[in-house]
Amino acid sequence: MNLATRILLVAISAGLGILVFHPVAWSGFAVLAWIPLIFALGGAKPAHALILGLFHGTIFYGVTMSWLLDVFKDSRQTFIPLVLIMALFTAFFARGYAVACRRHDRGWTTALFAAVWWIAMEFYRAEIFYLKFPWMTPGVGLGPTWISPILGVYGMGFLIILGAALLCQKKKHRVIGAVLLGVMLASMWIQQNREVPQDTSVRIAAVQSEVADIDNYIKLTRAVTSKEDVDLILWPEYAIPSDVRRNKIQWKQLIELSAETRAVVVVGTQTTRADKGWSNTALTLNQDGTLGEHYKNHTVHFFDDGVAGTEAKAVTTPQWKIGTPICFDNDYQDVVRRMVADGAEFLTTPSMDAVHWGEKQHYQHAELFRHRAAENGRWIVVAATSGMTQVIDPNGNRVKSLPIIEEGVLTAEIGKSSQQTIYTRVGWLFPWVTMCVGGLWILWLFLVGIKEKRQSRDTRIA
């Protein structure tokens with residue numbers, strides 16, 4: 001295969017990947033998008049593969065992450081470096097796969113290496129690397145499947161890449177690869193149509209408004225609670241952008257609202273910490289006062305988002321145990337899982353996506369919450385400043401939402417559960433193990449390559 005053909009295949013792969021995510025959102029293409037890339041890398045020189053991977057990542061992330069230009073509107077020069085950093089991980093995958101293709105025969109070993117090395121790179125980039133960013137992965141693009149409550153979104157990505165790599169091997173492996181990818185598509189359909197427990201006994205009102213003013217939020221809330229009873233009121237992240245418990249007037253207003261509605265209130269606010277500045281807080285209260293608080297663990301890069309918290313515990317109320325992860329906490333696998341493991345029966349999430357970040361960013365971010373719900377088998381209600389305010393069932397299906405950018409209140413009845421999925425108990429270890437195996441495998445390939453070069457050099461000298 002000549003270099004021009006490889007470049008064309010890589011461009012096609014990046015284009016298909018772009019179609020997987022919003023604004024197009026053809027999720028089924030997630031099982032196809034990475035096939036041309038892996039096929040183009042087969043037999044390529046490692047140095048060429050590195051450039052091909054960088055080319056793919058630059059196109060793919062440059063388009064899917066173009067909303068960063070709106071986020072950093074005053075420093076748009078940071079966009080290109082951020083895209084290139086993301087693209088480097090695709091480049092590292094590509095070079096590693098090219099080396100593996102030279103070392104191993106075409107078949108199961110090479111395909112398995114592709115899946116292991118891809119997840120090793122993806123998990124490190126998404127969850128560990130300083131600029132960790134878990135959006136735009138094959139698993140996220142496909143959406144929740146029946147694999148979600150077993151191995152989570154990284155397990156889904158592993159199977160997608162394994163199927164794609166098998167299609168690029170010998171004939172007998174191609175059939176297995178095609179079947180595997182077909183199973184992944186079918187599992188998405190199965191997950192969407194799985195029965196949901198009918199215990200929808202918790203009535204929630206989630207408020208969506210970009211106006212960070214307590215009087216505005218109370219007005220919107222009362223417009224609903226004056227007509228119907230609710231058990232829990234949820235306001236977005238930074239609904240009260242200061243320490244509400246230090247403001248006697250605002251704190252009294254919240255207590256009175258809870259007493260008036262006889263509802264638990266979860267509100268996004270701040271907590272002043274004597275030794276560490278302040279923390280972005282999800283505060284849970286009722287008419288008797290504070291019931292619990294969660295400090296945001298995953299603060300947002302490049303923003304003043306407070307001091308990150310370290311605990312992820314469920315909050316005990318008189319009626320239930322609830323999880324209150326904040327916005328970016330839901331982008332990663334750990335916070336929601338730890339809250340569910342601690343007994344959270346459902347999750348209420350204050351979130352914030354600024355209006356000027358644009359629709360594309362809002363829709364892409366909304367997908368991460370679906371995966372957390374499916375992985376842990378829990379209802380999740382999200383109240384976002386300008387969207388997407390949404391209700392997600394334990395299968396990861398969005399059952400109700402408000403139009404983005406518009407002010408309003410979403411009401412819904414949700415259920416609760418105390419059962420834990422396989423993922424919550426042990427499945428979350430899968431990407432950690434895969435990353436370690438991938439690291440050791442690539443190290444072995446590197447050391448063997450050095451050894452062979454030395455032996456070849458010694459032979460020539462002799």
Side-chain angles (χ1 to χ4, degrees), residues 16-17 19-22 25-35 37-38 60 64 89-90 93 111-112 114-127 133-167 176-194 330-334 336-337 364 366-378 380 392-398 421-435 437-438:
L16 290 173
L19 296 178
V20 171
F21 300 92
H22 287 279
W26 291 349
S27 58
F29 276 33
V31 302
L32 303 174
W34 284 267
I35 297 172
L37 170 65
I38 296 173
F60 175 66
T64 57
F89 287 93
T90 308
F93 162 78
L112 184 61
V116 168
W117 185 230
W118 180 277
I119 295 303
M121 287 285 93
E122 179 178 287
F123 187 67
Y124 179 78
R125 169 180 68 81
E127 305 269 354
F133 190 74
W135 302 21
M136 274 74 78
T137 69
V140 170
L142 182 61
T145 74
W146 61 265
I147 298 295
S148 300
I150 302 173
L151 294 177
V153 70
Y154 295 105
M156 291 159 50
F158 178 91
L159 293 174
I160 290 171
I161 298 301
L162 178 61
L166 284 169
L167 275 171
I176 299 173
V179 170
L180 179 57
L181 294 179
V183 167
M184 292 302 295
L185 274 177
S187 70
M188 177 180 64
W189 180 86
I190 292 170
Q191 185 74 1
Q192 290 173 349
N193 293 277
R194 286 177 63 184
N330 296 265
D331 291 19
Y332 307 96
Q333 54 80 34
D334 60 326
V336 171
R337 173 183 56 78
Q364 287 183 2
E367 292 302 300
L368 277 300
F369 301 93
R370 297 179 59 214
H371 290 281
R372 302 292 89 86
E375 288 170 346
N376 297 281
R378 291 294 187 272
I380 294 182
I392 304 167
D393 71 20
N395 294 333
N397 297 317
R398 184 178 297 116
T421 64
I422 294 174
Y423 177 83
T424 303
R425 295 195 299 270
V426 298
W428 63 274
L429 291 169
F430 175 79
W432 290 96
V433 173
T434 304
M435 183 179 65
V437 171

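As a basis for the values below, the full set of heavy atoms in this structure was taken, side chains included, without hydrogen atoms, waters or symmetry mates.
In plain terms, the two heavy atoms of G438 and A120 that are nearest each other are CA-CB, 4.2 Å. For V20 against A33, the heavy-atom pair with the smallest separation is CG2-CB, 4.4 Å. The two residues T421 and N376 come nearest to each other via the heavy atoms CG2-C, 3.5 Å. When all heavy atoms of A373 and G396 are compared, the pair lying nearest together is CB-CA, 4.3 Å. Shown here for Q191 and P149, the closest heavy-atom pair between the two residues is NE2-CD, 4.4 Å. In terms of heavy atoms, T64 sits closest to Q364 at O-NE2, 3.1 Å.
Using cut-offs of 30° and 60° for the angle between ring planes, the W118 and F93 rings count as perpendicular.
The shortest distance between side-chain heavy atoms of Y423 and S148 does not fall below 4.5 Å. Side-chain contact between R125 and T137 is present, with at least one heavy-atom pair separated by less than 4.5 Å. The side-chain heavy atoms of L181 and I35, taken from C-beta on, include a pair separated by under 4.5 Å. Contact check for Y332 versus L368: no side-chain heavy atoms found under the 4.5 Å cut-off. Residues W34 and F60 are in side-chain contact: their nearest non-hydrogen atoms beyond the backbone lie under 4.5 Å apart. Inter-residue side-chain proximity for H371 and P144 is flagged as met; some heavy-atom pair is nearer than 4.5 Å. A 4.5 Å side-chain heavy-atom check between P138 and I161 finds at least one atom pair inside the cut-off.
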Residue pair W135, D331: steps toward the side chain to side chain contact (heavy atoms under 4.5 Å, CB included) verdict: CA-CA 8 Å; W135 302 21; D331 291 19; 2.9 Å; yes

Checking side chain to side chain contact (heavy atoms under 4.5 Å, CB included) for the pair W146/N395: CA distance, chi angles, key distance, verdict? CA-CA 8 Å; W146 61 265; N395 294 333; over 6 Å; no

Worked check of side chain to side chain contact (heavy atoms under 4.5 Å, CB included) between V153 and E375: CA-CA 8 Å; V153 70; E375 288 170 346; 3.6 Å; yes

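Checking Y154 against E127 by side-chain atom types alone, a donor-acceptor pair falls below 3.5 Å.
When each of R372, R370, R398 is tested with I380 by the rule side chain to side chain contact (heavy atoms under 4.5 Å, CB included), just one qualifies, namely R372.
Once rounded to the nearest 0.5 Å, the distance linking CG of L166 with CG of L162 reads 4.5 Å.
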